Structure formats: structure tokens, C-alpha cells
Amino acid sequence: MKIIFASGNKGKIVEVRKLLSDLGIEIIALPDLEDAPEIIEDADTFEGNAKIKAKVVFDKYKLPVIADDSGLSVEQLGGAPGIYSARFAGEGCTYEDNNRKLLEELKNYPEPHRAKFICHAVFYDGKDFVNSVGELKGEIVHEYRGIRGFGYDPIFRPEGYDRNLAELTLEEKNKISHRGKAFRGLKEKLESLIDYN
Ligand code: ITT
């Protein structure tokens, strides 16, 4: 059996391949496909955008699809960058641009800068959507630490940790992360639905 993970984000793909490795199914990500469609994420919720990714990819390849829309929500910024996390510093920006902009916006607020990551994962087989959500609470810190992970990981410290997310191994991050929680929840729901033969 094959499933497409409708993401072009290399960091996410590594995490999700590991999270789904025990299913024994072939996972195809968008960079593996030569003619992957362009996806316009214009919904105003994580759920809406995850469903757009899954539907566009299913409609093209007619294979079961998993997608995730995720982001960072910072309390002192009223939940921003939220669904705009990937392009917080503008279209085509780098992770570093986003991190710099976020720290700049937070510099006049007192610490701690409470924040959470959110991941909305969906499975779509052309008929039904299966949904699962995960969150990771923590705070944004001004000291960059670690080289693992991606995105805001170097400046995010999970609650109860004295290391930033980018200092954790893949296994450690998956164990506590928004994506780890969402995908474990999705797997549980799918176990009763998928015929692995
Ligand atoms: P795809 O749509 O192709 O999956 P994307 O990067 O555009 O890739 P999203 O639209 O879901 O994905 O945006 C997620 C952004 O939120 C991501 O680019 C990071 O900036 C941030 N983000 C999400 N999960 C993260 C994580 O685990 N660690 C750090 N940053 C994360």
C-alpha cells in the first residue's frame, strides 16, 4: 500500500516518515513526485489548509493522502504567526528571517513569551477526512540553541525542558511534539479503517 504525504517541507517529511515507519507502508512525499501540483493554502484555519493540501493531491493521484498544516501561536502576539508561520517574514522568506522577525516583535514584551505549536493532520481517501490535532506548549527564548529540526525550533523551549527544540534528537522531538501527537492520534483512528493488504 502507498500513501502520499502532501508536504514539500523536508523537516516535516523526515519527522513524518519516522512517525509512520511502523505502518509498513510506502510513503511518497511531494519532492518524490516530478509533477507535484502547486497548492494554494488560502483557508483561514489549520484544518482548512490541511484539507486543501490533501484534496488537491488526492484529486491528482487518486491515492490515499496524509497532510499536515501546522504553525506557532504566540500568546503576546494574539496567536500570530499562526497559519502564516511559514511566511511570517514575507513570501519566499527563510526560517532565519522568520525567527529574527519574531524575536524583534517580542523584544518589548516581558518574558516568558508563552507559545505553542499546533499541528492539524488529516487523512483523505477521496471520501472521508480523518482529523487529528496535536499541540506542544512552551516559550520563545531569545537565545538560539541547537541545529536539529527546522523552522522555529532553535528559539522554542518546550515546557519543562532546559533545552530548545532544535537541541532534541528526532526521537525526542517526535515523542513530545505537536506533530508526534497529531500523527499518533491519526494512526489510532486509521488502524480501524485501513486495509493494509
Ligand atoms: P507544506 O505545506 O509543504 O507541508 P510548509 O512549511 O508550508 O510545508 P505549513 O504551511 O504547515 O508547512 O507551515 C508550517 C510552518 O510552521 C513551518 O514552515 C514552520 O515555520 C512552522 N512550524 C511548523 N511545525 C514546526 C516545527 O515542528 N518546528 C518548527 N517550526 C514549525
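Here the structure is a predicted model, which is why all the values come from computation and not from measurement. Computation of the quantities below employed the complete heavy-atom set of this structure, encompassing side-chain atoms and omitting hydrogens, waters and symmetry-equivalent molecules. Whatever order the structure lists ligands and atoms in, that order sets their numbers, starting from 1.
Listed by number with element, the atoms of ligand 1 under 4.0 Å from a non-hydrogen atom of D153 are 26 (C), 28 (N), 29 (C). Listed by number with element, the atoms of ligand 1 under 4.0 Å from a non-hydrogen atom of D69 are 9 (P), 10 (O), 11 (O). Applying the 4.0 Å criterion to heavy atoms of R179 picks out, from ligand 1, the atoms 23 (C), 24 (N), 25 (C), 27 (O). Within the listing of ligand 1, atoms 3 (O) sit less than 4.0 angstrom from a heavy atom of G8. Under a 4.0 Å criterion applied to the non-hydrogen atoms of H178, ligand 1 contributes the atoms 24 (N), 25 (C), 26 (C), 27 (O). Under a 4.0 Å criterion applied to the non-hydrogen atoms of S7, ligand 1 contributes the atoms 1 (P), 3 (O), 4 (O). When each atom of ligand 1 is checked for a heavy atom of G151 under 4.0 Å away, the hits are 29 (C), 30 (N). Taking every non-hydrogen atom of K53 and a distance limit under 4.0 Å, the qualifying atoms of ligand 1 come out as 1 (P), 2 (O), 4 (O), 9 (P), 10 (O), 11 (O), 12 (O).
Ligand 1 has G71 within reach: a non-hydrogen atom of the residue lies less than 4.0 Å from it. The shell of residues lying under 4.0 angstrom from ligand 1, judged by heavy atoms, includes K173.
The nearest heavy-atom contact from the protein to atom 16 (O) of ligand 1 is S85 CB, 3.3 Å. Nearest to atom 10 (O) of ligand 1 among the protein's heavy atoms is E41 OE1, 3.0 Å. In terms of protein heavy atoms, atom 6 (O) of ligand 1 is closest to N9 ND2, 2.9 Å. Closest to atom 7 (O) of ligand 1, if we only count protein heavy atoms, is A86 CB, 3.9 Å. For atom 14 (C) of ligand 1, the closest non-hydrogen atom on the protein side is S70 O, 3.1 Å.
Between E171 and K18 there is a salt bridge, since at least one side-chain N of the basic residue sits less than 4.0 Å from a carboxylate O of the acidic one. Taking 4.0 Å as the cut-off between side-chain N and carboxylate O, R179 and E15 count as a salt-bridged pair. Remark: E41 engages K53 in a salt bridge, criterion side-chain N to carboxylate O under 4.0 Å. Salt bridge present: E96 and R100 bring a charged side-chain N and a carboxylate O closer than 4.0 Å. Under 4.0 Å is where a charged nitrogen must lie from a carboxylate oxygen, and between R17 and D32 at least one such pair does. Taking a cutoff of 4.0 Å between a charged side-chain nitrogen and a carboxylate oxygen, E167 and R148 do not qualify as a salt bridge. Ion pairing between K173 and D153 holds under the 4.0 Å rule for side-chain N and carboxylate O.
Side-chain polar atoms of D68 and H120 form no donor-acceptor pair below 3.5 angstrom. S7 and N9 share no donor-acceptor pair across their side chains, judged by distance under 3.5 Å alone. In this structure, a donor-acceptor pair under 3.5 Å is present between the side chains of D35 and Y61.
At a 3.5 angstrom cut-off on N or O pairs, L72 does not count as close to ligand 1. Looking at Y95 next to ligand 1, no N or O pair under 3.5 Å apart turns up.
Residue nearest to atom 20 (O) of ligand 1, selected from F117, Y152, F156, F88: Y152 (by heavy-atom distance). Among H120, K12, K10, the residue whose heavy atom sits closest to atom 9 (P) of ligand 1 is K12.
The six-membered or imidazole ring of F117 lies near that of H178, with a centre-to-centre distance under 6.0 Å.
Scanning both residues, V57 and P37, for their nearest heavy atoms gives CG2-CG, 4.3 Å.
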